[in-house]
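Here's the structure, in structure tokens; my notes come after.
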Amino acid sequence: DTGVSQNPRHKITKRGQNVTFRCDPISEHNRLYWYRQTLGQGPEFLTYFQNEAQLEKSRLLSDRFSAERPKGSFSTLEIQRTEQGDSAMYLCASSSQGNEQFFGPGTRLTVL
Amino acid sequence: AQSVAQPEDQVNVAEGNPLTVKCTYSVSGNPYLFWYVQYPNRGLQFLLKYITGDNLVKGSYGFEAEFNKSQTSFHLKKPSALVSDSALYFCAEGSQGNLIFGKGTKLSVKP
């Protein structure tokens, strides 16, 4: 499968713990995006990278959230000191500049 | 600021009938408009896009959408609905790079 992959698919954690998610984009895509989706809502933009540069961050991305794309390929999204309000589906997407975004299956986070 | 509205939470259609899922947008400048579909426990799948050109855009699985600048709308259509089209549909605007999504419309197609 040459689509966008995300790991893990599900993560259950206790409040206050740190979690890290990984996204592997389509190999020739230079842009990578992170979104968050809660039940009954459309995905909300968090941040995006062009190659290894993080070009934009949403105000939704509090200082507990950090994202990296160190070599311009895969990306990680870390949430520190998780809160129950962080429970959501975290979606990754990739694209070639200016074209449609292709989404991965998502990582469902549950914070107990 | 960009925004996208999907005025219907749910659309019910009988199999074989035409379907329309509505979307309106607000953006300064020229819009980049997209439709995605989401099946249960799966990621979003791209259906079609409008960037420029013909106002009627054809996409995957027999879907099409009509861009109407004067009404700031980008409604999704299909001439004959299938039960397998039942899913959650999202309209999105992407002129700034990231996508701004509507809340989604649940399409239910009954046999």
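Labels below follow one simple rule: chain letters A, B, ... track the order of the sequence lines, proteins then strands, and each chain is numbered from 1.
More than 12 heavy-atom neighbours from other residues, nucleotides or ligands sit within 6.0 angstrom of CZ on R64(A). Crowding of L60(A) atom CG: a count of heavy atoms from other residues, nucleotides or ligands under 6.0 Å exceeding 12. Within a 6.0 Å radius of CD in E15(B), other residues, nucleotides and ligands contribute more than 12 heavy atoms. Taking a 6.0 Å sphere around OH of Y32(B), one finds it holds 12 or fewer heavy atoms contributed by other residues, nucleotides or ligands. Dense packing is recorded around CG of N51(A), with more than 12 heavy atoms of other residues, nucleotides or ligands lying under 6.0 Å away.
Cluster membership for F67(B) and L76(B), using ILVMFWY side-chain heavy atoms within less than 4.5 angstrom, is shared. Hydrophobic clustering places F74(B) together with L107(B) (ILVMFWY residues linked when any side-chain heavy atoms are closer than 4.5 Å, directly or through intermediates). Under the 4.5 Å side-chain contact rule for hydrophobic residues, M89(A) and I79(A) do not share a cluster. Linking Ile, Leu, Val, Met, Phe, Trp and Tyr whenever their side-chain heavy atoms come within less than 4.5 Å puts Y39(B) and F63(B) in one cluster. Follow the hydrophobic side-chain contacts under 4.5 Å out from L46(A) and you reach V19(A) in the same cluster.
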- Message: For F45(A) and F101(B): C-alpha separation, side-chain torsions, deciding distance, then whether side chain to side chain contact (heavy atoms under 4.5 Å, CB included) applies.
- Response: CA-CA 9 Å; F45(A) 168 73; F101(B) 285 88; over 6 Å; no
- Task: Please lay out, stage by stage, how Y36(B) and Q101(A) fare under the test side chain to side chain contact (heavy atoms under 4.5 Å, CB included).
- Result: CA-CA 10 Å; Y36(B) 285 84; Q101(A) 297 177 26; 3.7 Å; yes
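Comparing R31(A), Q37(A), E44(A), E56(A) by how many heavy-atom pairs each has under 4.5 Å with chain B, the most go to Q37(A). With chain B as partner, the option from Y33(A), F102(A), Y48(A) having the largest number of non-hydrogen pairs under 4.5 angstrom is Y33(A). Put simply, of G42(A), P105(A), S58(A), the one with the most heavy-atom pairs under 4.5 Å next to chain B is G42(A). Comparing Q38(B), Q45(B), K106(B) by how many heavy-atom pairs each has under 4.5 Å with chain A, the most go to Q38(B). Here E100(A) is the residue among R9(A), E100(A), Q41(A) with the most heavy-atom pairs under 4.5 Å with chain B.
In this structure, no portion of Q50(A) lies under 4.5 Å from any heavy atom of chain B. Both the backbone and the side chain of K103(B) come within contact range of chain A, each with at least one heavy atom under 4.5 Å from a heavy atom of that chain. Interface remark: Q6(A) contributes no atoms to any contact with chain B (heavy atom separation under 4.5 Å).
Along residues 86-100 of chain B, the residues that come nearer than 4.5 angstrom to chain A, judged on non-hydrogen atoms, are F90(B), Q96(B), G97(B), N98(B), L99(B) in order of number.
Under the side chain to side chain contact (heavy atoms under 4.5 Å, CB included) criterion, T20(B) pairs with K22(B), H75(B), K77(B), sequence neighbours left out.
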